[in-house]
Protein chains: 2
Amino acid sequence: MFKLSRMADYGVVVLSRMARQPGELVTAVEMAQRTGLPQPTVAKTLKLLTRGGLIASHRGVQGGYSLERAPEQVTVTEIITALDGPVALTACVEGSDDNCAVESLCPIRGHWERVNEAVKGALDAVTLADLTSAQEDAAINFGRPRAAKAAAPADA
Amino acid sequence: MFKLSRMADYGVVVLSRMARQPGELVTAVEMAQRTGLPQPTVAKTLKLLTRGGLIASHRGVQGGYSLERAPEQVTVTEIITALDGPVALTACVEGSDDNCAVESLCPIRGHWERVNEAVKGALDAVTLADLTSAQEDAAINFGRPRAAKAAAPADA
DNA sequence: TCAAATCAGGACCGCAATCGTCCTGTTTCG
DNA sequence: CGAAACAGGACGATTGCGGTCCTGATTTGA
Ligand code: FES
Ligand code: FES
């Protein structure tokens, strides 16, 4: 069913929540309260997000996490990459050391990368701002936005 | 890591193999031999593909499967849908009856659909013909493509 | 008519990756 | 020096997935 991991889901939820007050320092437990998610999991998510460079952390007594980057500069691809590793649809795309069992006679060998590129491009075109700001202008192009086809310069 | 299931992978492999001789009737066991994949799994894949309307089946003694549609009319989205169910990145997109646990206060509620649309659009733009074309340069690197992996240890 | 070939559909089990939790440092502030 | 808060990893339960097999249904051909 081609669904992304729950971690990435949580990550987007948490991040979009943080995008409301950029720069504000929030602790992990408070973040869990705001989102309604279990605290340990949210803490883990925050850690991963920090390691991925998406948010900044501050240790110590008055510490916490804060979103420093602009919401429209945070792409969904980055979030997924930070929480679930690089986007690699199949085993034969770069990023994994294990190839398909039939690499020798596979008819499409390197052509998976094109699909991978297309998906990554689509994911790249959606930013955190898109997910949080669509509140007011819900009537944008929902049918097939520029993201879909415009993300096809894979072979340029 | 946002990878699609192995079933979908196999499906594409099998289909792209069938795209070479469209209309030819091939049995499941022969298809397994051609692709090098285990027979039971390949049979299962063929069944799912048939149910999805991507290939035609013929029962009886001289039966088998055949690809009736044009390769450029078969999209990757269809293949994934046939084998893994509809493309639904998260639980809150249409297609599943189960929502996130925090749907009530989730800040992005319906906005996941945009991401879903973007991905589906990207997948829709790649057809079976795209994967099978450029067959000539697919035979060049028979060793181990391993695109730009940092310092690939000699494992040959 | 009968038997063989082949697909259809589902049941079943084992493995694996994920999800979620917790514990032990490390850092900063009061 | 102690408390607050993050960092990092270990650990177990669970769920879904991958893979196999078995029993029908259908068609062909002898
Ligand atoms: S080598 Fe991976 S799909 Fe063919
Ligand atoms: S992510 Fe599903 S309801 Fe918010």
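Side chains are part of it too, since the values below use all heavy atoms of this structure and drop only hydrogens, waters and symmetry mates. Note on naming: letters A, B, ... go to the chains in the order of the sequence lines (proteins, then strands), and numbering restarts at 1 for each one.
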TODO: Compare side-chain N and O positions of Thr41(B) against OP1 and OP2 of dT20(D) and report whether any pair is under 4.0 Å apart.
DONE: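 Yes, within the criterion.
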
Task: dC17(D) phosphate, OP1 or OP2, under 4.0 Å from Tyr10(B) side-chain N/O - done: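 No, Tyr10(B) has no side-chain N/O under 4.0 Å of OP1/OP2 on dC17(D).
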
TODO: Please answer whether the main-chain N or O of Asp124(B) pairs with a side-chain N or O of Thr75(B) as donor and acceptor at a distance below 3.5 Å.
DONE: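 Judged by distance alone, no pair lies under 3.5 Å.
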
Task: Polar side-chain atom of Asn116(A) near backbone of Thr90(A) as donor-acceptor pair, under 3.5 Å - done: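 Side chain of Asn116(A) to backbone of Thr90(A), a donor-acceptor pair under 3.5 Å: no, none is there.
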
TODO: Scan Ala28(A) against the nucleic acid and name what it touches under 4.0 Å (heavy atoms): base, sugar-phosphate only, or nothing.
DONE: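 Sugar-phosphate only.
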
Nearest heavy-atom neighbours spanning [X] and [Y]:
X: Tyr10(B); Y: Leu37(B); answer: CE2-CD2, 3.8 Å
X: Ala88(B); Y: Lys3(A); answer: O-CB, 3.2 Å
X: Leu83(A); Y: Gly11(A); answer: CD1-CA, 3.5 Å

Would you tabulate the nitrogen or oxygen pairs shorter than 3.5 Å linking the protein to nucleotides 12-17 of chain C?
none

Without placing hydrogens or testing angles, list every side-chain donor-acceptor pair under 3.5 Å for residues 41-67 of chain A, not counting sequence neighbours.
| residue | atom | partner | partner atom | Å |
| --- | --- | --- | --- | --- |
| Thr45(A) | OG1 | Thr41(A) | O | 2.8 |
| Thr50(A) | OG1 | Leu46(A) | O | 2.8 |
| Ser66(A) | OG | Glu68(A) | OE2 | 2.8 |

Open item on the list: Walk along nucleotides 23-30 of chain D from 5' to 3' and tag each nucleotide B, S or - by protein heavy-atom contact under 4.0 Å, base first, then sugar-phosphate.
Closed with: --BBBB--

Open item on the list: If you assign Gly63(A) and Pro38(B) each to the DNA chain D nucleotide with the nearest heavy atom, which residue ends up on the more 5' nucleotide?
Closed with: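 Upstream on the strand: Gly63(A).
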
Task: Which residue lies more 5' along DNA chain D, comparing Leu46(A) with Asp84(B) via nearest heavy atoms - done: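 Mapping each residue to its closest nucleotide by heavy atoms, the 5'-most match is Leu46(A).
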
Tell me the interatomic distance from [X], atom [atom1], to [N], atom [atom2], rounded to whole angstroms.
X: Phe2(A); N: dG16(D); atom1: CZ; atom2: P; value: 19 Å
X: Glu30(B); N: dT6(C); atom1: CD; atom2: C1'; value: 13 Å
X: Leu4(B); N: dG18(D); atom1: CG; atom2: C1'; value: 14 Å
X: Leu37(B); N: dG19(D); atom1: CG; atom2: P; value: 9 Å
X: Leu83(A); N: dG8(D); atom1: CG; atom2: P; value: 14 Å

Open item on the list: Which residues pass the side-chain contact (heavy atoms from CB on, under 4.5 Å) test with Asp84(A), not counting sequence neighbours?
Closed with: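 With sequence neighbours excluded, Asp84(A) shows a side-chain contact (heavy atoms from CB on, under 4.5 Å) to Ser5(A), Met7(A), Ala8(A), Ile80(A), given in chain and number order.
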
- [ ] Quick one: list whatever passes salt bridge (Lys or Arg N to Asp or Glu O under 4.0 Å) with Glu30(B), sequence neighbours left out.
- [x]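 Once residues adjacent in sequence are excluded, the partners of Glu30(B) under the salt bridge (Lys or Arg N to Asp or Glu O under 4.0 Å) criterion are Arg34(B).
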
Task: Gap separating the CE atom of Met31(B) from the CG atom of Leu15(B), nearest 0.5 angstrom - done: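 Reported to 0.5 Å precision, the distance equals 8.0 Å.
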
Task: Gap separating the OG atom of Ser16(B) from the CG atom of Asp130(B), nearest 0.5 angstrom - done: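 So the OG of Ser16(B) and the CG of Asp130(B) are separated by 12.0 Å.
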
Task: Close residues, residues 47-57 of chain B, relative to DNA chain D [heavy-atom separation under 4.0 Å] - done: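 DNA chain D contact set from residues 47-57 of chain B: none.
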
Task: Glu78(B) bridged to Arg69(B) by N-O distance under 4.0 Å - done: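 Salt bridge present between Glu78(B) and Arg69(B).
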
